[in-house]
Amino acid sequence: MSSLLRQQRVHAVWWEDDGEGAAVCLLDQTQLPAEVVHLRLRHEQEVADAIRSLKVRGAPAIGATAAFGLCLALARLLREQGEGLTCAAAYAHFLKVAELMRGTRPTAVNLFWAIERMQRCAERLAKEEVAPSYLVQQLQAEAQAIVDEDAQACLRMGELGAELLQDGDHVLTHCNTGMLATMGWGTALAPLYIAHRQGKRIHVYVDETRPVLQGARLTAWELSQEGVPLTLITDNMAAYFMAQGNIKAVFVGADRVTANGDVANKIGTYGLAVLARAHQIPFYVAVPRSTIDLSLASGAHIPIEQRNPAEVTTIRGVSIAPAGVQVANPAFDVTPNHLITALITERGIAYPPFADSLRQICADD
Ligand SMILES: CSC[C@H]1O[C@H](OP(=O)(O)O)[C@H](O)[C@@H]1O
């Protein structure tokens with residue numbers, strides 16, 4: 001493992017198998033930045049609930065969490081039924097839990113990509129009628145491979161993206177796309193971390209990212225852990241700082257990129273892209289292959305998660321709006337490909353037109 005990977009200090013989710021059996025462990029992101037709380041989940045329903053309630057969030061992180069949730073379900077079943085468990089029964093349970101995980105959040109394609117990858121593994125072994133203990137062991141290996149591959153992808157996106165940064169650059173980012181959202185250094189934050197470690201004196205303007213405040217609560221916390229200089233701003237300040245000439249580039253992540261290069265990402269991203277174009281500021285999207293969905297022709301087909309109105313009308317449980325007002329809370333929006341300067345992937349940086357590059361990037365080795 002590269003030294004940089006070993007130096008990663010924050011982990012969103014991991015697997016443990018202690019005396020009490022298997023557990024999906026995660027850093028509860030709803031408690032940050034006030035408290036660093038680690039949870040040990042022992043039932044697949046708890047894992048699904050954690051994804052739904054954003055205890056763990058971020059496209060690659062929820063994909064890995066769902067994969068671990070599937071492993072947990074089968075490990076728990078094997079521990080309960082022991083020799084009485086058949087391969088067929090184990091696979092039937094796997095399929096049921098896969099549906100539970102699919103129902104957690106609709107937009108980030110990584111969730112479905114990870115579940116499908118785990119299901120291919122389970123189906124192949126079920127056809128061979130392997131021992132349930134072997135099925136559990138192989139699924140855990142597949143989930144860990146998803147984790148390890150994402151960590152490597154993050155590092156590569158970081159190295160490639162850092163080449164776009166010069167000493168002294170001030171950049172802007174939206175939401176959280178770092179170690180809390182992935183299994184490695186992040187997607188859009190990875191180039192900033194790598195550039196910082198290369199000695200480039202970058203400065204990050206962090207959008208607070210209403211309504212769940214992933215920027216204020218998570219990105220500001222993460223960057224501070226790494227000593228990366230930052231300025232926290234409210235989302236409606238981005239245009240002001242662009243007009244001041246402070247911002248050299250915008251780096252954001254993605255939850256789903258379609259075949260033509262349209263990007264679904266945290267609500268507010270589309271507006272940032274329009275502002276960046278208006279100020280002739282490069283707009284970069286960092287995205288691993290696991291977030292690219294070639295089955296969709298354009299962003300018009302991406303399901304957009306509509307979340308609880310209370311996320312808009314309250315902050316930390318304190319109401320900030322009149323009771324009963326109508327509320328809209330789309331968690332994502334779609335940035336059309338023509339507003340994107342480049343897509344930073346682990347297989348290279350793609351420039352418009354994106355379609356051919358994305359097909360090559362997603363082609364199997
Ligand atoms: C690197 S994926 C991060 C991506 O996920 C975030 O959404 P959420 O916090 O709701 O999971 C946001 O869209 C980030 O860009």
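Atoms within each ligand, like the ligands themselves, are counted from 1 in listed order.
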Which of the atoms of ligand 1 are close to [X], meaning less than 4.0 Å from one of its heavy atoms?
{"X": "Ala254", "result": "2 (S)"}
{"X": "Pro60", "result": "1 (C), 2 (S)"}
{"X": "Arg105", "result": "8 (P), 10 (O), 11 (O)"}
{"X": "Gln214", "result": "8 (P), 9 (O), 10 (O)"}
{"X": "Lys266", "result": "7 (O), 8 (P), 10 (O), 12 (C), 13 (O)"}
{"X": "Asn176", "result": "3 (C), 14 (C)"}

Should the ring pair Trp14 and His38 be called parallel, tilted or perpendicular, given that the plane angle runs from 0 to 90° and is split at 30 and 60? perpendicular

Ring-plane angle category for His203 and Tyr205, please: parallel below 30°, perpendicular beyond 60°, tilted otherwise. tilted

Spell out, as yes or no, whether a donor-acceptor pair under 3.5 Å connects the side chain of Arg105 to the backbone of Leu54. no

Do Arg217 side-chain atoms and Gln29 backbone N/O form a donor-acceptor pair below 3.5 Å? yes

Write out the residue and atom name of the closest protein heavy atom to [atom], then the distance separating them to 0.1 Å.
{"atom": "atom 15 (O) of ligand 1", "value": "Asn265 OD1, 2.5 Å"}
{"atom": "atom 12 (C) of ligand 1", "value": "Cys175 SG, 3.4 Å"}
{"atom": "atom 4 (C) of ligand 1", "value": "Asp255 OD1, 3.4 Å"}
{"atom": "atom 1 (C) of ligand 1", "value": "Thr187 OG1, 3.2 Å"}

For the pair Asn110 and Ser290, evaluate side chain to side chain donor-acceptor pair (under 3.5 Å) and give the outcome as yes or no after the intermediate values. CA-CA 6 Å; Asn110 300 64; Ser290 54; 3.0 Å; yes

Quick one: do Arg79 and Asp17 satisfy salt bridge (Lys or Arg N to Asp or Glu O under 4.0 Å)? Show the steps, please. CA-CA 12 Å; Arg79 187 177 175 90; Asp17 205 335; 5.7 Å; no

Select one of side chain, backbone, both or neither to describe which atoms of Ala59 lie under 4.0 Å from any atom of ligand 1, heavy atoms only. both

Atom CD of residue position Gln280 - does it have more than 12 heavy atoms of other residues, nucleotides or ligands inside 6.0 Å? no

Does Glu129, at its CD atom, have more than 12 non-hydrogen atoms belonging to other residues, nucleotides or ligands within less than 6.0 Å? no

Report yes if Leu54 has an N/O atom closer than 3.5 Å to an N/O atom of ligand 1; otherwise report no. no

Short N or O distance, Thr182 and ligand 1, threshold 3.5 Å exclusive: no

Drop me the distance from Gln119's CD to Glu116's CD, to the nearest 0.5 angstrom. 7.5 Å

Run the contact test for Ala331 against ligand 1 with a 4.0 Å cut-off on heavy atoms, strictly below, and give the result. no

